[in-house]
> 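A single structure is presented below for examination.
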Amino acid sequence: MRILALASVPLLLASLPGCADRTLDSDATLVISNVNIVDVEDGMILEDRAISIDGDRIGAITSSDEVAPSERVVDGGGRYVIPGLWDMHVHLGIWDWETAFPAFLKAGVLGVREMGWAIDEPVALRDRVVSGEVLGPRMVVAGATLDGPTDDWPFRITIESVDDVAPTLRLLEEAGVDFLKVHQQLSGDVYHEIAKEASIRGLSFVGHVPNEITAIDASNAGQASIEHLIMPWCDFDESGACTTHETNETVGAFLRNGTWAVPTMAVYLSNYQMFVEPDQLETRRGLASTQVVEHWAFQARVNEQFLPPAEDREAMFREVYRSAQRMLVHLVDSDVDLMTGTDTGFLQVYPGASLHDELSVWVEAGVSPLETLQAATLQPA
């Protein structure tokens with residue numbers, strides 16, 4: 001199935017035959033004919049349709065046979081059209097945007113949630129995309145990550161005292177961030193002060209669950225999304241039911257509080273491939289700059305201290321990958337709100353291409369293709 005992600009006319013045209021060198025008046029009506037539209041609300045496929053685009057808006061959808069011959073008609077070649085995809089967990093401070101943006105667009109990723117880089121740069125880049133100065137995905141940005149003392153991890157603001165919370169959030173708010181990102185080394189007191197101050201300022205906050213609190217605490221505190229499946233994982237009985245009380249209580253809190261989960265299955269896939277199937281690992285080396293490779297080496301050195309002996313790693317990551325897939329399906333079956341995200345910037349996780357990996361892992365785990373597409377389109381929207 002050949003897919004077009006329809007949300008940006010320049011992206012769509014670049015992916016259609018014969019359009020790479022065409023320049024069209026942005027005010028002209030363009031008709032993309034002979035396409036099949038996937039309705040991601042109900043899974044219906046509208047076959048052989050024509051999409052009329054007025055400027056940067058879809059003006060009408062009709063049958064292809066209703067389109068009059070025109071030089072502004074482009075044949076979609078029977079491809080399938082979906083809304084633009086979102087990657088709801090990326091780190092562009094590790095990937096330079098000049099490399100990452102074309103990779104996102106080529107993969108149909110037309111929106112990203114930047115989850116921790118710097119105070120000013122992501123805001124400025126977001127605004128350059130909005131103004132049309134830079135061709136890239138729509139961005140929502142956190143600025144720098146809020147954390148406690150760390151092992152020299154970059155892109156963080158260290159907050160060790162509750163007295164430092166208000167000035168820090170004021171700094172980020174004045175910089176123009178869209179939300180806040182919290183991380184696991186924050187103390188419980190500082191975390192809850194961030195939650196309080198964020199509410200006062202009308203800022204949502206997302207991210208990791210600090211080590212001193214539980215996922216239930218984070219959900220009750222108003223954390224909008226929790227990343228990476230940071231929560232108690234299920235033990236399943238023979239019937240497939242989750243028998244872990246803490247997991248069931250956590251799921252209940254998520255449902256009660258409207259807490260979203262972003263599992264970042266691409267990370268679990270990356271670890272699985274590195275330690276279980278290294279010969280199958282898709283390196284996509286052409287994308288990884290020296291800067292990216294150096295950061296990956298730093299990640300590997302830090303991660304090494306938390307890994308079991310080398311002879312035990314294959315079995316561990318095989319089990320972790322399968323357990324993560326089962327947890328994903330359990331959250332879907334429990335009606336927890338989920339969104340796709342890759343953690344682009346993590347070891348062997350790439351802009352654009354890894355979002356396709358993410359979708360594949362969801363379906364491989366047992367999530368329906370429709371639910372998977374919804375988590376990458378409707379849910380982020």
Side-chain angles (χ1 to χ4, degrees), residues 88-89 113 115-116 142 145-151 153 156-162 164-165 168-169 179-200 203-237 241-265 267-268 271 302-303 305-306 316 319-339 341 343 346 379:
M88 295 298 284
H89 195 124
R113 186 171 64 151
M115 292 289 282
T145 296
L146 306 177
D147 206 355
T150 65
D151 295 323
W153 282 95
R156 314 275 172 111
I157 297 176
T158 299
I159 305 179
E160 299 187 59
S161 167
V162 294
D164 295 328
V165 169
T168 301
L169 267 57
F179 62 96
L180 306 172
K181 163 76 178 297
V182 297
H183 219 274
Q184 62 199 50
Q185 301 300 330
L186 288 168
S187 70
D189 289 344
V190 168
Y191 172 86
H192 286 292
E193 186 67 19
I194 290 172
K196 174 184 172 183
E197 188 68 22
S199 177
I200 293 172
L203 290 169
S204 63
F205 64 104
V206 306
H208 287 225
V209 177
N211 296 329
E212 292 187 6
I213 67 172
T214 68
I216 293 176
D217 295 331
S219 177
N220 289 338
Q223 186 165 322
S225 75
I226 290 176
E227 316 299 302
H228 312 307
L229 296 176
I230 301 177
M231 58 183 295
W233 286 15
C234 284
D235 290 322
F236 295 94
D237 64 19
C242 178
T243 61
T244 306
H245 176 73
E246 292 82 2
T247 307
N248 293 327
E249 289 289 304
T250 301
V251 167
F254 282 19
L255 295 174
R256 183 173 61 253
N257 297 319
T259 307
W260 293 74
V262 182
T264 62
M265 298 302 293
V267 170
Y268 293 99
N271 281 327
V302 174
N303 291 344
Q305 62 185 305
F306 303 109
M316 184 191 81
E319 177 59 28
V320 166
Y321 181 57
R322 179 59 188 140
S323 295
Q325 287 185 309
R326 295 187 74 180
M327 273 299 301
L328 169 65
V329 172
H330 179 64
L331 293 180
V332 171
D333 290 345
S334 300
D335 294 325
V336 171
D337 288 324
L338 292 112
M339 299 181 289
D343 206 7
F346 187 79
Q379 301 285 61

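Computation of the quantities below employed the complete heavy-atom set of this structure, encompassing side-chain atoms and omitting hydrogens, waters and symmetry-equivalent molecules.
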> So, Y268 side chain and H228 main chain: donor-acceptor pair closer than 3.5 Å or not?
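Checking the backbone N and O of H228 against the side chain of Y268, a donor-acceptor pair under 3.5 Å is found.
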
> What's the spacing between C234 SG and N248 CG if we round to 0.5 Å?
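So the gap between those two atoms works out to 6.0 Å.
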
> Using side chain to side chain contact (heavy atoms under 4.5 Å, CB included), reason through V251 and H330 one step at a time and then give a plain yes or no.
CA-CA 9 Å; V251 167; H330 179 64; 4.3 Å; yes

> Please answer whether the main-chain N or O of D343 pairs with a side-chain N or O of T264 as donor and acceptor at a distance below 3.5 Å.
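Flag not set: sc T264 to bb D343 has no pair under 3.5 Å.
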
> Keeping the roles fixed (side chain from Q325, backbone from R322), state whether a donor-acceptor pair exists under 3.5 Å.
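Not confirmed, Q325 side chain does not pair with R322 backbone.
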
> Supply the atom-to-atom distance I157 CD1 to H183 NE2, rounded to the nearest 0.5 angstrom.
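Answer for the CD1-NE2 pair, I157 versus H183, is 13.5 Å.
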
> Looking at every non-hydrogen atom in both residues, tell me the closest pair between I159 and T168 and how far apart they are.
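Minimum heavy-atom contact is CD1-CG2, 3.8 Å.
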
> Return the minimal non-hydrogen interatomic distance between P263 and A261, and the atom names on each side.
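Heavy-atom minimum between the residues: CD-O, 3.6 Å.
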
> What closest approach, in Å, do S204 and A224 show between heavy atoms, and which atom pair accounts for it?
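It is CB-CB, 4.3 Å.
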
> Drop me the distance from I194's CD1 to L146's CG, to the nearest 0.5 angstrom.
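One finds 5.0 Å between CD1 of I194 and CG of L146.
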
> Could you go through the side chain to side chain contact (heavy atoms under 4.5 Å, CB included) check for M231 and I226 one step at a time?
CA-CA 9 Å; M231 58 183 295; I226 290 176; 5.8 Å; no

> Take E246 and E249 through the side chain to side chain contact (heavy atoms under 4.5 Å, CB included) test and state the conclusion after the steps.
CA-CA 5 Å; E246 292 82 2; E249 289 289 304; 5.7 Å; no

> Under the side chain to side chain contact (heavy atoms under 4.5 Å, CB included) rule, what do I213 and L186 come out as? Steps first, then yes or no, please.
CA-CA 10 Å; I213 67 172; L186 288 168; over 6 Å; no

> What's the spacing between M316 CE and S323 OG if we round to 0.5 Å?
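The OG atom of S323 is 11.0 Å from CE of M316, to the nearest 0.5 Å.
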
> Is the side chain of E227 donor-acceptor paired with the backbone N or O of V206 at a distance under 3.5 Å, no angle test?
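No, E227 side chain to V206 backbone: no donor-acceptor pair under 3.5 Å.
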
> First locate atom OG of S187, then atom CG of D147, and finally report the distance between them rounded to the nearest 0.5 Å.
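So the gap between those two atoms works out to 10.5 Å.
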
> Are the side chains of M88 and S225 in touch, meaning some heavy atoms are under 4.5 Å apart?
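A side-chain contact is absent here, since even the closest heavy-atom pair is not under 4.5 Å.
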
> Starting at CZ of R156, measure out to CD of Q185 and round the result to the nearest 0.5 Å.
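It comes to 8.5 Å.
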
> Provide the closest heavy-atom pair for L338 versus L328 in the form atom of the first, atom of the second, distance.
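For L338 and L328, the tightest heavy-atom pair comes out as CD2-CD1, 3.9 Å.
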
> For the residue pair T247 and F236, establish whether any side-chain heavy-atom pair is separated by less than 4.5 Å.
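Side chain of T247 against side chain of F236, heavy atoms only: no contact under 4.5 Å found.
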
> A side-chain contact here means heavy atoms from C-beta on lying under 4.5 Å apart; do V209 and T214 qualify?
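Counting from C-beta outward, V209 and T214 never come under 4.5 Å.
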
> Where the side chain of Q223 meets the backbone of H208, is there a donor-acceptor pair that is under 3.5 Å apart?
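Pair found, side chain donor or acceptor close to backbone of H208.
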
> Is the shortest heavy-atom distance from the side chain of N271 to the side chain of V320 under 4.5 Å?
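With C-beta onward as the side chain, the pair stays apart.
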
> Give me the atom names and distance for the closest heavy-atom approach of P210 to Y191.
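Closest approach of P210 to Y191: CG-CD1, 3.4 Å.
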
> Are any side-chain N or O atoms of D235 and backbone N or O atoms of T243, one a donor and one an acceptor, separated by less than 3.5 Å?
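No: the side chain of D235 does not pair with the backbone of T243.
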
> For T145 and M115, which heavy atoms make the closest approach, and how far apart are they?
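Closest approach of T145 to M115: OG1-O, 3.5 Å.
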
> Side chain of T250, backbone of I216: donor and acceptor closer than 3.5 Å?
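No, because the side chain of T250 does not come within donor-acceptor range (under 3.5 Å) of the backbone of I216.
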
